[in-house]
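Nothing here was measured: the structure is a model prediction, and the numbers come from that model. Note that ligands are numbered from 1 as they come in the structure, with each ligand's atoms numbered from 1 the same way. Below, all heavy atoms of this structure are taken into account, side chains as well, without hydrogens, waters or symmetry copies.
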Amino acid sequence: MTAGSRAVDDSDLMRSALSLAARGLGATMPNPTVGCVLYRPDIGAGGRVVGRGWTQRGGRPHAETEAIARAGDLARGAAAYVTLEPCAHQGQTPPCASALVEAGVERVVISVLDPDPRVNGSGVRKLEKAGVEVLSGVCGEQGAALLAGYLKRLDAGRPLVTVKVATSLDGRIALHNGQSKWITGDLARARAHLLRARHDGVMIGVGTLAEDDPELTCRLPGLEARSPVRIIADGRLRAPLTSKLIATANEIPTWIVAADGAPGDRKRALAGLGVQVLDVGRDESGNPDMKEALSKIGDLGLQSLLVEGGGRLVSSLLLAGCVDRLAWFRAPKVIGDDGVAAAAALGLRDLEAAPRFNRVAFEEVGDDILETYEVRA
Ligand code: AOF
Ligand code: ZN
């Protein structure tokens with residue numbers, strides 16, 4: 001080795017597999033997004049990566065079979081770095097654990113074990129039985145962060161919920177007259193479109209639909225096809241049928257959450273326009289029951305949901321204990337108490353009861369900042 005260089009180690013290669021996996025965020029539901037790097041330690045001075053793969057759109061093919069196909073014969077004798085335990089169940093194709101053995105892979109390094117009941121350790125057992133050396137837990141924390149939506153759905157039966165807001169310094173999302181375009185700058189808006197691309201679904205309340213008439217698509221060049229499923233929380237089905245979301249429901253999946261007692265003729269009209277109606281009960285305040293809505297959304301395969309307001313939907317979700325992350329953009333502006341707050345009334349009487357979060361990331365985005373928070377356990 002030359003001075004200043006060092007051999008690649010397991011975590012370097014796993015980080016590379018993790019970045020491949022990240023490409024599939026928001027595109028593989030109901031499957032997790034997985035990355036795989038095949039590495040031959042015996043080629044050249046520092047070894048060589050001979051194949052890369054990640055889970056393809058809609059969840060198939062899996063990452064390992066992609067990487068094996070790219071490596072061809074060079075896979076023989078390789079070490080595989082996979083961000084999730086290789087599957088051991090027969091799907092449309094044979095299990096990845098068998099495909100790795102078949103390809104001649106001698107060592108498998110795993111970030112996260114797969115809690116899917118069809119896998120759940122059987123991938124590791126299959127590999128070990130075939131004489132493959134297995135090491136798991138490498139970059140486990142980063143691996144679990146990337147799989148947070150997948151793990152949440154398996155564990156809680158609902159998608160991981162991230163609330164995204166764009167506020168002034170004093171936490172306002174709009175003026176009293178409803179004007180909200182634009183509080184944050186161009187770069188922050190582009191960053192928010194990237195968040196849409198990386199989520200399976202995006203949800204707003206009917207008030208925001210009526211006020212802003214948004215499209216909720218990802219309009220970043222090259223990522224247009226990555227628009228998430230669009231969901232409107234609209235207990236009484238008051239959404240205007242002429243709104244952009246509903247008018248384009250035949251092109252981009254659009255769902256609406258209706259509460260008990262929503263008028264049947266509206267349901268039929270919406271269904272006729274291509275909107276899928278999800279019926280749920282009501283919570284204590286008479287709003288659609290968010291826990292039930294999220295569990296239906298999870299049943300339909302969504303692993304991650306980005307909530308883009310408004311304040312009433314945000315407070316319903318906070319009160320239901322269903323907010324896992326916050327993506328909070330703040331612009332250097334002050335709007336004042338006559339503006340609209342990011343969250344509607346929570347009725348708190350004790351600070352101890354306030355939803356609490358830990359900040360996990362901080363980014364400057366042009367003149368604005370983006371703070372990312374995770375709910376405190
Ligand atoms: C892998 N590599 O890239 C992914 C895996 O519906 P199927 O048959 O495609 O199986 C889905 C399950 O496969 C999913 O729940 C998870 O356990 C695993 N996903 N496994 O080896 C991959 N995406
Ligand atoms: Zn597989």
Q.
Using a 4.0 Å heavy-atom cut-off, which part of Pro30 comes near ligand 1: side chain, backbone, both, or neither?
A. neither
Q) Looking at ligand 1, does any of its N/O atoms fall within less than 3.5 Å of an N/O of Pro86? A) no
Q. What residue and atom, counting heavy atoms only, is the protein's closest point to atom 17 (O) of ligand 1, and at what distance?
A. Asp114 OD2, 2.4 Å
**Q.** Proximity of Cys87 to ligand 1 by residue part, where a heavy atom lies under 4.0 Å
**A.** both
Q: Report the nearest protein non-hydrogen atom to atom 9 (O) of ligand 1: residue, atom name, distance rounded to 0.1 Å.
A: Arg60 NE, 2.5 Å
Q. Would a 4.5 Å heavy-atom cut-off, applied to side chains only, mark Tyr150 and Asp116 as touching?
A. yes
**Q.** Top protein contact for atom 1 (C) of ligand 1, by heavy-atom distance
**A.** His62 ND1, 3.2 Å
Q: Give the residue, atom name and distance (to 0.1 Å) of the protein heavy atom nearest atom 11 (C) of ligand 1.
A: Asn31 OD1, 3.2 Å
Q) Looking at His62, which of its N, O or S atoms is the nearest one to the Zn ion (ligand 2)? A) ND1
(Q) Under a 4.0 angstrom heavy-atom cut-off, which atoms of ligand 1 come close to Val119? (A) 17 (O)
Q.
Please list, in number order, the atoms of ligand 1 under 4.0 Å from a heavy atom of Cys96.
A. 21 (O)
**Q.** For atom 15 (O) of ligand 1, the protein heavy atom that lies nearest, with its residue and separation
**A.** Asp116 OD2, 2.5 Å
Q. Is any side-chain heavy atom of Pro159 closer than 4.5 Å to a side-chain heavy atom of Asp200?
A. no
Q | Nearest-neighbour protein heavy atom for atom 23 (N) of ligand 1, which is reported as residue plus atom name and distance | A | Pro32 O, 3.1 Å
Q) Could you give the distance from CD1 (Ile204) to CG (Leu209), rounded to the nearest 0.5 Å? A) 4.5 Å
(Q) For a 4.5 angstrom cut-off between non-hydrogen side-chain atoms, does Arg266 reach Arg238? (A) no
Q | SB check Asp368 Arg191 (cutoff 4.0 Å) | A | no
Q) Should Arg158 and Asp324 count as an ion pair when the cut-off is N to O under 4.0 Å? A) yes
Q. Any luck finding a side-chain donor-acceptor pair between Thr167 and Trp328 under 3.5 Å?
A. yes
Q: Using a strict 4.0 Å threshold on nitrogen-to-oxygen distance, state whether Asp299 and Lys296 make a salt bridge.
A: no
Q) ligand 1 and Ala63, any nitrogen or oxygen pair closer than 3.5 angstrom? A) yes
**Q.** Ligand-side contact atoms (ligand 1) for residue partner Thr55, heavy atom cut-off under 4.0 Å
**A.** 3 (O), 22 (C), 23 (N)
(Q) Could you check whether any side-chain N or O of Asp212 sits under 3.5 Å from a backbone N or O of Pro214, counting only pairs where one atom can act as donor and the other as acceptor? (A) no
Q) Of all the heavy atoms in Tyr150, does at least one lie under 4.0 Å from an atom in ligand 1? A) yes
Q: Using modelled atom types only, decide if a donor and an acceptor are shared between the side chain of Arg230 and the backbone of Leu245 within a distance under 3.5 Å.
A: yes
(Q) Looking only at protein heavy atoms, which one is nearest to atom 2 (N) of ligand 1, and what is the separation? (A) Glu64 OE1, 2.8 Å
Q. In the protein, which heavy atom is nearest to atom 12 (C) of ligand 1, and how far is it?
A. Arg118 NH2, 3.5 Å
Q: Identify which one of Ile232, Ile246, Asp265 satisfies the side chain to side chain contact (heavy atoms under 4.5 Å, CB included) criterion when paired with Leu270.
A: Ile246
Q) Measuring from the heavy atoms of His89, does anything fall under 4.0 Å of ligand 1? A) yes
Q) Quick one: does Pro115's side chain get under 4.5 Å of Leu151's, heavy atoms only? A) yes
Q | Metal site angle (apex the Zn ion (ligand 2)), SG from Cys87 and SG from Cys96, 10 degrees | A | 120°
